[in-house]
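Below you'll find the structure, written out as structure tokens, and then a few comments.
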Number of protein chains: 2
Amino acid sequence: MSTTTPHALGERAQIILKTLIDRFIREGEPVGSRTIARESGLDLSPASIRNALLDLEEQGFLQSPHASAGRVPTVRGYRLFVDSLLTVQPLESAQLALLEQGFVADETATRQQVIDTASRLLSGITRMAGVVTLPRREQLGLRHIEFLPLSGHQVLAVLVFEGQEVQNRILKVERPFSASELQQASNYLNTLFVGKGIQQVRDAIVDEMRRTRADMDELMRAAVELASVVFDVPEEADYVIAGQSNLMDFKELSHVEKLRALFDAFTAKREMLHLLDQALQGEGAQIFIGEESGYRVLDDCSVVTAPYRVNGQVVGVLAVIGPTRMAYQRVIPIVDITARLLGSALNLSN
Amino acid sequence: MSTTTPHALGERAQIILKTLIDRFIREGEPVGSRTIARESGLDLSPASIRNALLDLEEQGFLQSPHASAGRVPTVRGYRLFVDSLLTVQPLESAQLALLEQGFVADETATRQQVIDTASRLLSGITRMAGVVTLPRREQLGLRHIEFLPLSGHQVLAVLVFEGQEVQNRILKVERPFSASELQQASNYLNTLFVGKGIQQVRDAIVDEMRRTRADMDELMRAAVELASVVFDVPEEADYVIAGQSNLMDFKELSHVEKLRALFDAFTAKREMLHLLDQALQGEGAQIFIGEESGYRVLDDCSVVTAPYRVNGQVVGVLAVIGPTRMAYQRVIPIVDITARLLGSALNLSN
DNA sequence: CTTGGCACTCAGCCAGACGGAGTGCCAATC
DNA sequence: GATTGGCACTCCGTCTGGCTGAGTGCCAAG
């Protein structure tokens, strides 16, 4: 809003800003001119640094908590840092090993277990909160559909998707169906739907219903009816979170009220899902710093996200949530690699 | 350990203890003699009260945080209070209505949804944390078993139990089975197992395997093999928790480290499950006060539990977790009634 | 442009003082 | 013998003022 110039910062200013943020991320306390003079490698006196800091503050990259403290990055400062000052560290081999072991090919692992593992690993390695959204079925191909008779007017529908996803739904039906009727219905629907994504299936259902008139027997019509009920249920997005309590250790979040609001948002899920959905759209890793997320509860947090793929399709997002003062250089590659590993762990089972 | 006498407290002492604890539960601050003199209705001077308090302290029902504060109940004091001093309040009708609405008969609700609702209601009404264990399949009768062919060497097993419980498992198999083979296998197993509890099913499997020799064809043998794999998987107990963050508002828990330990215990689940398991054994409502639970993280908490039933069988537990200073008179009936409502909500769908 | 010097600001910490709440004990009273 | 008023004492919480250290902004000299 009050942006005045594109601010192509001079190299000098960039170095100073970078050392300041580096230091602040490491130590968590406002950084003064003397410190920067020592650590920047610039061979300038504190006084000169002070001048530069004053400029940076005027341009909105820094601020001081009070008159005689050092300086602290603003959201704007972090943004610049992340976008162009950051030197992404390669992942430490110990942590890489940890990740790979966590995803070691285990054919018996359920989808849920794999997802849980992913978020636990994220939070464990970063010591912050790890989030993984469940894969959106919308994007997954259907492997199998089956109807089973329960008592009288209840039918159990079983949907099997790519990527370890199995889904059950109990339906009420008008008249009882026998096992063999349901068997036929399942067979019929399988020939129609297998391999398609949910949206395609829906389209196919509409098609079938249109063509229904002449060439279909009553059973097939019933089958399509059932299918239309099953696939009509809108998918509810959801996610798994781990390591919430890690966030309690950061002093910048330790205000009880804020923390509580944050935790509540985690369980309410709605706002969180909105945010993660944005990350789903984008291509690669994405970072939301402080207020950028647009959600009050996240004002003091940053969110580092990366989408993951099954069968080449983006089906979900993982994220690390922590204080704005987080070690972005470290977190970014962690999220990135975990996304890849998770993707292939889910693929593997098709 | 250092119990000296059965301590049949005099009526006088009981009244004083009760008013003190009542007051402390309401206000959360150490209670002094003057307050009790005013509130007990005993028409005694503070000085007399002081004498009585001194006795109660010596007998271990009270303690003072420091020399010139009022007094506070010990675990022992709460115990006595809960066991014999407590006047259980009937549930306010507003809250009763809330509960009943929450469980309004909804045939389409899944087991998971019903359980979630229960724990949310518990936490919502008590403003503390609500916990509900998932129903133990061990106790539930099997309604249906089915095998479905997936690709090549994978078979999907679907188990349907009483009480909305559906369970999927993907199995590896030695040789591919055709759909009709699996159909036959399912039929066969259904005739053997339906209506039985898991343990009975396991027994039946062992039986079948013994009788296998002569009168069974290869397919049936395979069927039993499959079943033995499916039912061999030990059930992992689990629970759902809601309103964790409510606990952050209690000053007695607000020490960050403790709170964090507590939250971690909630997600680690192991110790919690142990405790809840004890409650499963007992008959009715059960209360663990402070250290009575035997788990360090719960030292400053009390847990009020009640088991719930499906088909007359106890299959799970619900609990409210809060600070030792909680309104037991209010919480006990809430947990109790919720248990009943949850039980019938789950029953209803068989 | 850079630098040393300087006055100034401000948070954090310590020490001391004070008031309030509540106690334990004792001697007087019913 | 239980009950009570009186009293000295303890201890917490809060407020105060003073001090220190860190860091600043500005200015004038290099």
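Below, chain A is the first sequence line, B the second, and so on; all start at residue 1.
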How does protein reach along nucleotides 1-18 of chain C, written 5' to 3' as B (base within reach of a heavy atom under 4.0 Å), S (only sugar-phosphate), or - (no contact)? -SBBB---BBS-------
Once you round it to whole Å, what is the distance between [atom2] of [N] and [atom1] of [X]?
X     : N      : atom1 : atom2 : result
A:L62 : D:dT24 : CG    : P     : 11 Å
A:Q63 : D:dT24 : CD    : C1'   : 16 Å
B:L20 : C:dT23 : CG    : C1'   : 14 Å
B:I49 : D:dG5  : CD1   : P     : 12 Å
B:E57 : C:dC25 : CD    : C1'   : 15 Å
B:L53 : D:dT4  : CG    : P     : 14 Å
A:L56 : D:dG25 : CG    : C1'   : 16 Å

Just the table, please: protein N/O against nucleotides 15-17 of chain D N/O, every pair under 3.5 Å.
none

Residues within residues 30-39 of chain A bordering DNA chain C, heavy-atom distance below 4.0 Å: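 Of all residues in residues 30-39 of chain A, none places a heavy atom under 4.0 Å from DNA chain C.
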All salt bridge (Lys or Arg N to Asp or Glu O under 4.0 Å) counterparts of [X], not counting sequence neighbours:
X      : result
A:D249 : B:R260
B:K251 : none
B:E252 : B:R325

Quick one: list whatever passes side-chain hydrogen bond (donor to acceptor under 3.5 Å, both in side chains) with A:S302, sequence neighbours left out.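 Only A:Y328 meet the side-chain hydrogen bond (donor to acceptor under 3.5 Å, both in side chains) criterion with A:S302.
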Please list, chain by chain and in numerical order, all residues satisfying side-chain hydrogen bond (donor to acceptor under 3.5 Å, both in side chains) with B:R120, sequence neighbours excluded.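 Listed in chain order: nothing, the list is empty.
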Using five pairs at either end of the helix from C:dC1-D:dG30 to C:dC30-D:dG1, determine the angle between the two local helix axes and round it to 10 degrees.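 Overall, the helix from C:dC1-D:dG30 to C:dC30-D:dG1 bends by 20° from one end axis to the other.
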Are any of the side-chain heavy atoms of [X] and [Y] separated by less than 4.5 Å?
X      : Y      : answer
A:I16  : A:I49  : yes
A:S119 : A:I241 : no
B:I332 : B:L86  : yes

Rounded to the nearest 0.5 Å, what separation is found between the CG atom of B:L91 and the CD1 atom of B:I337? 4.5 Å
Distance under 6.0 Å and angle within 45° of ring axis: B:K18 vs B:F81: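 No, B:K18 does not lie over the aromatic ring of B:F81.
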Please identify each residue that fulfils ring pair (Phe, Tyr, Trp, His ring centres under 6.0 Å) with A:Y295, with sequence neighbours left out. none
Provide the full list of side chain to side chain donor-acceptor pair (under 3.5 Å) pairs with a residue in residues 39-54 of chain B, sequence neighbours left out, each pair given once. B:R23-B:E39, B:S33-B:R50, B:S45-B:S48
Pairs where residues 284-293 of chain B contributes a residue and the test side chain to side chain donor-acceptor pair (under 3.5 Å) is met, not counting sequence neighbours: B:R79-B:E292
Does B:R71 have a side-chain nitrogen or oxygen under 4.0 Å from the phosphate oxygens OP1 or OP2 of C:dT23? yes
